[in-house]
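First the proteins, then the strands, lettered A, B, ... as listed; each starts at 1. Since we're looking at a predicted model, the values are computed, not measured.
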Protein chains: 2
Amino acid sequence: MKLQVQVSIVDVSTTKKVPVQDFKDTTFISRDTILSCHLGVDQHELPDDRGEAIALMSKALLSFLKKRYESGNLVGAVGLGGSGGTALIAPALRSLPLGVPKLIVSTVASGHTAPYVGTSDLVLFPSVVDICGLNSVSRVILSNAAAAVAGMVHGILMESNVSDETATKPTIGITMFGVTTPCVNAVKERLGKQGYETLIFHATGVGGKAMEELVREGFIQVTFSWNFDDKTQDLRQQCLFFVEFLMSHSFVCI
Amino acid sequence: MKLQVQVSIVDVSTTKKVPVQDFKDTTFISRDTILSCHLGVDQHELPDDRGEAIALMSKALLSFLKKRYESGNLVGAVGLGGSGGTALIAPALRSLPLGVPKLIVSTVASGHTAPYVGTSDLVLFPSVVDICGLNSVSRVILSNAAAAVAGMVHGILMESNVSDETATKPTIGITMFGVTTPCVNAVKERLGKQGYETLIFHATGVGGKAMEELVREGFIQVTFSWNFDDKTQDLRQQCLFFVEFLMSHSFVCI
């Protein structure tokens, strides 16, 4: 099935203003339009300081994407940037809900990505060469990135509204850490038999933060983290005690 | 246009062996098959040491993917892993040529990704939750990742064999670093007018390594890196001198 979506090019430049222009099959959204989403109608001025200008444009892009998404006019977002561009675009894309396709072709995809990705599903696509015009390498990279976004958007639009059997049951977030895997799996299995959905988070890196984020977003109603400080207790006992507790008590939303 | 490709599930487990099984529409490739690619026919034994076993399986996967690609039976590769799984799969996927769709749904996409991505176009797709069964979050993530790979593979298969005008001309790699952007752009413009293709690399992070990699792969025939040590010379003068040099001399392959 062939699907078509309207593609808009969004100008988030902070140096010189790009003149309003329409390309074949795409809409051009000027930076004035983006800025007025955040600052209000007819307010398009950027601060002279480059850092302040970038921070303001990033917030304005966030407001713009939020409005577009909430009005049902956004199915995916793709950015393109070096380290500065990625820092400007990432917070705005990250603010879109989990599952909304979000991707940045970036020079900083191979490096310390946590400041850009955080606990989100933002995909950083390695640019390999610098973002500086078309050449034999960037043509390959940009084609693949565009095809990836097209695939994701196609998937979202084709998605059937299958009802989620577990949607009405409380979801439990559990942290897992290497050696605790067998025990967490046992907890997961037992909770699963009782009809509860579990989400497992790796207790290294951003796993814990991701769990907290999903609690805030309402995906998770109950959490269970190992207490490694209390070494006098057998982990398995703690775990079984916890499951018994869950089975005999009502869940309390946190 | 509807395209169909054969999907194979590859077992790279290093702990217990998964029994050979065929799923609907997919082929299951056992770890014995993978190991025999590297060790030789009928040699399927893994070392007892977990680290050694993972290292061996990683090399075996690399050999398997290489053979599949070289025989024209591979159009893309997608992996799934925590930190251990990502470390096992990444070198094998990275070894596939630039442009071959390669993606890992990974718990370590938000963090220090350079050891996994290196200078390649390997995409790390954040798993958000741990790789541990299906739930309301992982269903969304895995659907998007699968759709992204499907989009990329579709793009590759649909790609028309448009001849690259610049393919027969030497390609020049240039490093760029913030303040040198205007000058590098001037060099690029001037070289472009003469019909040479330029590839720009950010001189921070992995840019320089990526350039070296593309030199080794034969994408780049000439390189130009700024010499920041020599502060007595005007950068613009150096740059113009370089361009004059290029214009008046034959290129020498490095």
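Heavy-atom pairs under 4.5 Å with chain B were tallied for Ala147(A), Ser138(A), Gly192(A), Ser143(A); the largest tally goes to Ala147(A). Options Val108(A), Asn144(A), Leu134(A) differ in how many heavy-atom pairs under 4.5 Å they form with chain B, and the most are formed by Asn144(A). Your options are Val123(B), Leu124(B), Val140(B), and the one with the most heavy-atom pairs under 4.5 Å with chain A is Val123(B). For chain B, the option among Gly84(A), Ala150(A), Gly151(A) with the highest count of heavy-atom pairs below 4.5 Å is Gly151(A).
Side-chain atoms of Glu213(B) do not come within 3.5 Å of backbone N or O of Thr119(B) as any donor-acceptor pair. With Glu197(B) contributing its side chain and Ser136(A) its backbone, the two residues share a donor-acceptor pair below 3.5 Å. Within the 3.5 Å criterion, the main-chain N or O of Ile54(B) finds no donor-acceptor partner in the side chain of Ser58(B). Distance alone, capped at 3.5 Å, places no donor-acceptor pair between the Asp121(A) side chain and the Leu98(A) backbone.
Checked against side-chain hydrogen bond (donor to acceptor under 3.5 Å, both in side chains), Ser95(A) has no partners two or more places apart in sequence or in another chain. For Ser120(B), there are no side-chain hydrogen bond (donor to acceptor under 3.5 Å, both in side chains) partners, not counting sequence neighbours.
When heavy atoms are compared at a cutoff of 4.5 Å, Leu199(A) approaches chain B by way of both its backbone and its side chain. Proximity to chain A is absent for every atom of Leu103(B), based on heavy atoms less than 4.5 angstrom apart. If you measure heavy-atom distances from Ala109(B) to chain A, the contacts under 4.5 Å come from the backbone alone. Only the backbone of Thr198(B) comes within less than 4.5 Å of a heavy atom of chain A; no side-chain atom from C-beta onward does.
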